[in-house]
Structure formats: C-alpha cells, structure tokens
Amino acid sequence: MLSLFTRQGRVLLTSTLWGNRGTREFLAAKLIFLGFLLLAAGINWPVWAIVTVYSLVESGLAVIGFRRDRTSGVGAAKARREGLTRLALAACFGLFSWLFFSLLWLWLAVLLQTLIMLVLLVTYIVLHLPWLLKDMRGTASTDKQALFEQVRRMQDLDRAAHDLHNKLLTTTETDDRRDLTFYLAWAELYRGHRLLPTQLWDKAAQYYQAASKTDPSNIAAYASLAICYLQKAEFEPALDQFRQAIAIFNGDRRQQPYDQALWDWNRNEVSSEYEQSGGLLQLGALAVGKVQTSQESPANQQRLTEEFRQLVIQLPGRSREELNTLMSRKGGKVLNVLQLLAAGSFREPAKPLEMLAEAVTLPLLPIQTIEAAGSAA
C-alpha cells in the first residue's frame with residue numbers, strides 16, 4: 001500500500017514514530033518523573049515512594065492509550081502490544097531509577113538515568129518499526145485481496161461494490177477501513193464509467209456521487225461528476241463539482257472534510273500531482289468548450305466561461321493563458337490527462353480509457369472563439 005519514498009509513507013513514519021502522541025507521552029512522563037526525583041533528593045523523600053507513584057501514573061497512561069487506540073479503530077492486539085510494551089519499558093525505567101538514586105551520587109544517578117531514558121526511547125521507537133512496516137505493506141486478508149483485484153480488473157463490479165460496502169460496515173480496523181473505502185470509491189467510479197459509452201449520464205452521475213461520498217478525497221469522482229453535468233449542459237452543478245475538485249487538490253479540507261491518509265494515497269499512488277493538475281486544467285477547457293457551444297445566452301456564456309477560468313488559475317502553476325492556449329487547439333482532441341485522472345491507476349487492459357474517450361473530447365468551437373482564445377494567449 002505504501003512506500004517510504006512517497007509523501008504518505010513519510011507522513012506515516014512521522015506520525016508513528018517521533019510525531020506520535022504515545023511517543024511524546026512516553027518521553028514526557030519520564031522527564032517529569034526525573035524532575036520529581038531531583039526534587040525528592042533535595043528534601044529527603046524516599047525514592048521508593050516516587051517510583052511507586054510513577055508506576056501508577058504509567059499504568060494509567062497505558063490504559064488511557066489503549067482505550068484511545070481502540071476508539072480510533074486500532075485493532076485490539078496492536079493496542080494491547082502498545083500498552084504492554086510501554087509498561088515493560090516503564091518498569092525498567094523505574095527499576096533503574098530506584099537503583100541509581102538509592103546507591104549512587106546524585107550527579108552520577110542523573111547522568112546515568114538520562115542515558116537510560118534515551119536508550120528506552122530508542123527501544124520504544126525500534127519496537128514500533130515492525131508494526132509500521134506491516135502497515136506500509138498494506139497486507140490484507142485473502143477475501144479482501146480478491147475483491148480489490150476485481151476492482152482493478154473491472155470484473156463483476158456490482159457484486160464487488162456490494163461486498164466492499166458490507167465489509168466496510170462491519171470493519172473497525174483503521175487500516176482496513178481505509179483500504180475498503182479506497183477500493184469501494186473506485187468500484188463506484190468504474191460502475192459509472194461503464195455507462196459513458198451509452199450516454200446514460202444521469203445513472204453514471206449517481207455512481208460518481210456515491211464515490212465522492214465514500215471517499216471525499218478522490219478528485220476523480222468530482223471530475224467525473226462534472227463531466228456528466230457538462231454533457232447534460234448543466235453548468236452550475238458542473239461548476240460546483242469543479243470547485244470542489246480544485247479545493248481538494250489544493251488540500252483545502254474546509255469545504256469537504258476528508259481522510260488525510262487517503263488524500264496522500266490518491267495523490268501518490270493513483271495519479272501524480274502533475275496528472276491531477278493537468279487533468280483539472282483540461283476539465284476547465286472541456287467546460288469552457290461546452291459552455292461556448294451551448295444554447296446559453298451570450299451573457300451567461302461569458303459569465304460561466306469567466307468563472308471556470310477563475311477556478312483554473314487557482315491551480316498552482318496554471319494560468320488563464322494556458323487554458324486559452326488549450327482552447328485554441330483544434331476541436332475533436334481527446335483530453336488525455338483528464339482521461340488519465342478519471343481512469344485512476346488501474347488502466348489495464350485500458351477499459352476506463354476507452355470508456356472515457358468520447359466523454360472527454362474537446363468540442364469544436366466557433367472560429368470566433370478560437371481566434372479570441374488564440375489572441376488572448
């Protein structure tokens with residue numbers, strides 16, 4: 001599922017190791033305990049009393065961490081391993097504290113205890129690496145892998161979508177839910193793509209809406225829905241979907257909240273940032289072309305064209321001039337990058353590309369529009 005060389009992999013590495021709340025709590029509890037030991041040495045408190053209080057605090061934090069993990073969808077076995085590991089390392093820290101501060105000079109005890117704290121912190125992180133690597137491999141049960149393969153091959157999508165939906169309802173594991181959500185969204189997308197050659201835009205739009213609700217970070221769902229609205233000359237809904245797609249591309253979670261890990265997965269593993277940016281630019285071109293060849297009034301054509309152009313320039317590195325240059329090209333051209341964006345990563349044996357080709361063809365514009373776009377560029 002992941003690689004250390006993708007942004008998602010680096011995010012997971014950071015959040016699991018040094019950016020993890022449990023790691024920060026692990027270190028903070030020991031620093032506070034060390035401070036109390038120094039204070040106790042100044043007023044002659046027994047070390048065993050401080051160690052006892054520390055042990056109770058660590059036990060409470062382990063229980064809180066276990067419940068927090070379970071609430072967030074972490075499996076019981078993994079959450080239990082996390083809690084037990086933390087308690088075992090805390091016990092080692094408490095034992096060394098009692099030995100050092102009872103038998104050695106204060107400065108030497110502080111030095112050795114700080115060294116032990118760092119060693120235990122590294123140990124805590126290293127013990128997390130096997131769980132991290134397992135998450136990054138994205139291993140799934142055999143039945144799930146079979147469903148995922150069905151989606152990749154676009155085979156029996158209706159049954160696959162039904163089974164994925166049922167599993168999603170009964171699964172509490174965070175990683176499993178992400179995998180199921182990701183593939184269910186693409187299953188719905190491909191169910192919609194199957195209908196494009198027959199021009200059943202309304203039915204296809206229903207599947208694209210289901211995909212966007214399942215995984216709000218899937219830009220292809222919004223782009224495909226906008227394509228359907230454009231084919232039906234429903235420009236206001238198309239404009240709204242285009243606006244949402246650009247907001248998600250720019251990482252804006254205010255309009256449409258989404259799972260950051262799924263956003264990273266869609267960005268790194270499905271279509272590249274270049275493909276997403278280029279695809280949305282070409283979607284803007286398709287929209288402008290459809291508006292210019294529609295039956296809308298000239299005033300409405302001008303307003304809609306300007307709104308689509310304003311959205312395009314919200315894409316980093318894209319400009320109104322680039323859109324005009326694309327629009328000045330001869331009509332009948334298949335917008336290949338938009339096609340790739342909507343098709344996703346599962347392009348063999350190129351079924352999605354074949355189904356999308358007719359729907360993402362640049363319309364033949366009136367000669368006046370082409371000349372105007374060319375002069376503007």
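Between Leu184 and Lys167, every side-chain heavy-atom pair lies at or beyond the 4.5 Å cut-off. Looking at Glu149 and Tyr183, their side chains never come closer than 4.5 Å, going by heavy atoms from C-beta outward. Considering only heavy atoms from C-beta on, Arg177 comes within 4.5 Å of Leu168 through its side chain. By the 4.5 Å heavy-atom criterion applied to side chains, Leu195 and Tyr207 are counted as neighbours. Looking at Gln282 and Gln339, their side chains never come closer than 4.5 Å, going by heavy atoms from C-beta outward. Two residues are said to be in side-chain contact when any heavy atoms from C-beta on lie closer than 4.5 Å; Gln276 and Arg267 meet this criterion. Between Phe148 and Leu164, some side-chain heavy-atom pair lies under the 4.5 Å cut-off. Residues Leu311 and Leu239 are in side-chain contact: their nearest non-hydrogen atoms beyond the backbone lie under 4.5 Å apart.
Judged by distance alone, the side chain of Thr305 and the main-chain N or O of Gln301 form a donor-acceptor pair under 3.5 Å. With hydrogens and angles disregarded, no donor-acceptor distance shorter than 3.5 Å links the side chain of His193 to the backbone of Ser224.
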side-chain contact (heavy atoms from CB on, under 4.5 Å) between Trp186 and Asn266, intermediate numbers included:
CA-CA 11 Å; Trp186 279 103; Asn266 278 300; 3.8 Å; yes
Could you please spell out the steps behind the side-chain contact (heavy atoms from CB on, under 4.5 Å) verdict for Glu236 and Leu304?
CA-CA 8 Å; Glu236 296 296 344; Leu304 289 167; 3.7 Å; yes
Go through Ile227 and Leu338 one step at a time and tell me if the side-chain contact (heavy atoms from CB on, under 4.5 Å) criterion holds.
CA-CA 10 Å; Ile227 290 169; Leu338 174 56; 4.2 Å; yes
Checking side-chain contact (heavy atoms from CB on, under 4.5 Å) for the pair Glu322/Ile313: CA distance, chi angles, key distance, verdict?
CA-CA 9 Å; Glu322 190 176 6; Ile313 62 177; over 6 Å; no
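When only modelled atom types and interatomic distance are considered, Gln244 and Asp240 share a side-chain donor-acceptor pair under 3.5 Å. Judged by distance alone, the side chains of Asp176 and Thr171 never bring a donor and an acceptor atom under 3.5 Å apart. Side-chain contact, Tyr222 with Arg243: no donor N or O sits under 3.5 Å from an acceptor N or O. With hydrogens and angles left out, the side-chain atoms of Glu306 and Gln310 include a donor and acceptor closer than 3.5 Å.
Scored by the side-chain contact (heavy atoms from CB on, under 4.5 Å) test, Val57 finds Val53, Leu61 as partners (sequence neighbours excluded). For Lys213, the side-chain contact (heavy atoms from CB on, under 4.5 Å) criterion is met by no residue, not counting sequence neighbours.
Hydrophobic cluster membership differs between Val337 and Ile248, with clusters built from Ile, Leu, Val, Met, Phe, Trp and Tyr side chains linked at under 4.5 angstrom. Under the 4.5 Å side-chain heavy-atom criterion for grouping Ile, Leu, Val, Met, Phe, Trp and Tyr, Leu95 is connected to Leu112 within one hydrophobic cluster.
Rounded to the nearest 0.5 Å, atoms CG (Leu200) and CD (Gln231) are 12.5 Å apart. One finds the CD atom of Glu358 at 9.0 Å from the CG atom of Leu196 (value rounded to the nearest 0.5 Å). One finds the CD1 atom of Ile246 at 9.5 Å from the CD1 atom of Ile219 (value rounded to the nearest 0.5 Å). Within the model, atoms CD1 of Ile116 and CG of Leu89 stand 11.5 Å from one another, a figure rounded to the nearest 0.5 Å. Considering CZ of Arg318 and CZ of Phe249, their distance stands at 8.0 Å, rounded to 0.5 Å. Asp163 CG to Gln150 CD: the interatomic distance, rounded to the nearest 0.5 Å, is 7.0 Å.
Residues Asp215 and Ala185 share a closest heavy-atom pair of CB-CB, 3.6 Å. Scanning all heavy atoms of the two residues, the minimum distance from Leu189 to Ala211 falls at CG-CB, 3.9 Å. Smallest separation of non-hydrogen atoms from Ala220 and Ala342: CB-CA, 4.0 Å. Scanning all heavy atoms of the two residues, the minimum distance from Pro352 to Tyr190 falls at CG-CE2, 3.8 Å. The minimum heavy-atom distance linking Ala160 with Leu147 is given by the pair CA-CD2, 4.1 Å. Here the closest non-hydrogen pair linking Tyr208 and Cys228 is CE1-SG, 3.4 Å.
For Lys232, the NZ atom sits in a packed shell: over 12 heavy atoms of surrounding residues, nucleotides or ligands are nearer than 6.0 Å. At most 12 heavy atoms of other shown residues, nucleotides or ligands fall within 6.0 angstrom of atom CD in Gln295. Surrounding CZ of Arg303 are more than 12 heavy atoms belonging to other residues, nucleotides or ligands, all under 6.0 Å away. Other residues, nucleotides and ligands contribute at most 12 non-hydrogen atoms within 6.0 Å of the CD atom of Gln302. The environment of CZ in Phe96 is sparse: at most 12 heavy-atom neighbours from other residues, nucleotides or ligands sit within 6.0 Å. Within a 6.0 Å sphere centred on CD of Gln155, heavy atoms belonging to other residues, nucleotides or ligands number more than 12.
Salt-bridge check for Arg178 with Asp259: passed, with a basic side-chain N closer than 4.0 Å to an acidic carboxylate O.
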